[in-house]
Amino acid sequence: MNVPFYGHVRQYRAIQSEIDANMREVLESGQYVMGPMLKRFEKELAEYHGMRYAIGVGNGTDALWLSFMALGIGPGDECITTTNTFFATAEAIWVAGATAVFVDSDPRTNCIDPARVEAAITPRTKALVPVHLYGQCADMKALRKIADKHKLFVVEDNAQAIGARGDGFRIGELSDAVCTSFIIQKNLGTFGDGGAVVTNHEHVDRAIRRLRNHGSEKRSCHSMGFNSRLDDLHAGVLSAKLKHIDEWNDLRRKHAARYTAALGGARNLTLPFETPGYRHVFHLYVIETARPEQRDPLLKFLNDSGIDAKCHYPIAIHQQAGYPWGKEARICGPIPNSERNAACCISLPMFPELTEEEVDFTAAKVLEWDRSAE
Ligand SMILES: *Cc1c(COP(=O)(O)O)cnc(C)c1O
């Protein structure tokens with residue numbers, strides 16, 4: 001049996017008529033950039049979050065640095081984040097001209113550890129940038145308290161967790177901006193690049209609308225800006241898919257529970273931890289081997305068995321040769337948890353359209369390795 005890592009085409013087939021109808025509507029409208037379909041999707045996305053504003057932009061990375069710029073974060077300012085994330089989180093801080101300050105992650109959730117944050121704060125700190133890694137919210141209540149005490153912004157990297165919730169808080173409720181990515185691998189994905197910022201601040205909404213469109217608020221009048229827009233065809237695809245996101249996240253949660261039930265007895269593995277009271281939306285189902293030297297053999301065994309398991313992310317940002325060390329970044333304290341996560345992580349196939357047979361086959365192969373592992 002072959003188990004794919006993604007189910008993009010399965011998902012398209014399942015709701016093809018809805019997607020095709022929206023795309024046809026855009027094509028026949030003749031308005032493909034900043035048209036009515038983008039407006040419709042922005043309204044739906046803001047409503048979905050229970051927030052006032054949503055602004056479609058070119059991709060998730062742009063959503064992050066446009067948010068930093070809209071909040072006035074730039075050269076000389078510091079943003080505190082984690083190193084066990086997709087590279088774009090740090091890249092966006094660099095694009096804005098600010099300094100990334102990395103702290104360790106919580107060993108169970110792999111999200112930023114609030115207990116490490118205060119020690120990293122300096123007079124130059126401007127923002128906390130938690131990543132809702134693998135589909136689970138960071139501890140936003142603790143982060144908000146720290147941010148209030150030190151008068152900091154909070155910008156949520158929500159590329160992986162649309163539809164997730166905390167215990168008693170929603171995404172966006174405790175921050176200044178929520179940044180989302182819509183590449184196809186994400187829980188809500190289009191057939192190309194896309195992203196959005198969701199916020200309750202009118203000034204952030206206005207600044208990003210200006211910045212994403214050549215610094216223009218009025219036709220032919222410009223201040224300095226960029227070109228980073230969400231195309232209407234993508235907005236149409238996303239509008240069709242947004243109606244299904246809760247049901248798809250429920251299916252991810254169901255598959256995750258099935259994996260966890262099957263793998264509960266494994267001796268050499270740590271399974272994903274769901275913080276009590278949270279709704280984890282399992283963008284990824286990430287297990288960790290007990291020891292780093294077990295990771296590659298397990299990955300190879302699964303791949304050789306026809307299972308397209310992967311690693312997210314085997315090289316943490318502070319271990320990347322390409323990161324511009326110097327004044328652009330610094331590490332605060334040792335970060336053993338993020339390093340362990342990078343060294344031991346394996347992502348099992350996870351997407352809503354997985355079948356129970358595929359989950360069971362994958363779990364059986366993982367257990368077969370576990371029994372033979374020393
Ligand atoms: C995907 C992702 C991004 C970047 O999104 P793009 O749309 O690819 O630019 C940023 N942060 C995290 C955590 C991501 O997973």
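Order of appearance sets the numbers: ligands from 1, and atoms from 1 within every ligand. Residues: numbered from 1 along the sequence shown.
Atoms of ligand 1 lying under 4.0 Å from at least one heavy atom of V131, given by number and element, are 13 (C). Those atoms of ligand 1 with a heavy atom of G60 less than 4.0 angstrom away are 5 (O), 6 (P), 7 (O), 9 (O). Atoms of ligand 1 found under 4.0 Å from any heavy atom of T85 (numbered from 1 in listed order, with element): 13 (C). For ligand 1, the atoms sitting less than 4.0 Å from at least one non-hydrogen atom of N59 are 7 (O), 9 (O), numbered in the order shown with element in parentheses. Within the listing of ligand 1, atoms 3 (C), 4 (C), 10 (C) sit less than 4.0 angstrom from a heavy atom of A88.
Considering only non-hydrogen atoms, atom 2 (C) of ligand 1 lies nearest to K186 out of H283, K186, H312, E91.
Proximity of T61 to ligand 1, defined as any heavy-atom pair under 4.0 Å, is shared by backbone and side chain alike. Residue Q185 does not touch ligand 1, judged by heavy-atom distances below 4.0 Å.
Using modelled atom types, one finds a donor on one side chain and an acceptor on the other under 3.5 Å when comparing E18 with H244. For the 3.5 Å distance criterion, the side chains of H283 and N187 qualify, holding a donor opposite an acceptor.
A distance-only check finds a donor-acceptor pair linking the side chain of R295 to the backbone of A342 [under 3.5 Å].
Y12 and F191 have perpendicular rings, their planes meeting at more than 60° on a 0 to 90° scale where under 30° would count as parallel.
Atom 15 (O) of ligand 1 has as its closest protein heavy atom Q160 NE2, 2.9 Å. The protein heavy atom nearest to atom 11 (N) of ligand 1 is D157 OD2, 2.7 Å. Nearest to atom 8 (O) of ligand 1 among the protein's heavy atoms is I183 CD1, 3.8 Å.
Crowding of K141 atom NZ: a count of heavy atoms from other residues, nucleotides or ligands under 6.0 Å exceeding 12.
Contacts of F68 classified as ring-ring contact (aromatic ring centres under 6.0 Å, His included), with partners at least two apart in sequence or in another chain: none.
Looking at every heavy atom in both residues, S105 comes nearest to N110 through CB-O, 3.6 Å.
Residue pairs that meet the side chain to side chain donor-acceptor pair (under 3.5 Å) test with at least one member in residues 21-38, sequence neighbours left out, are E25-R40.
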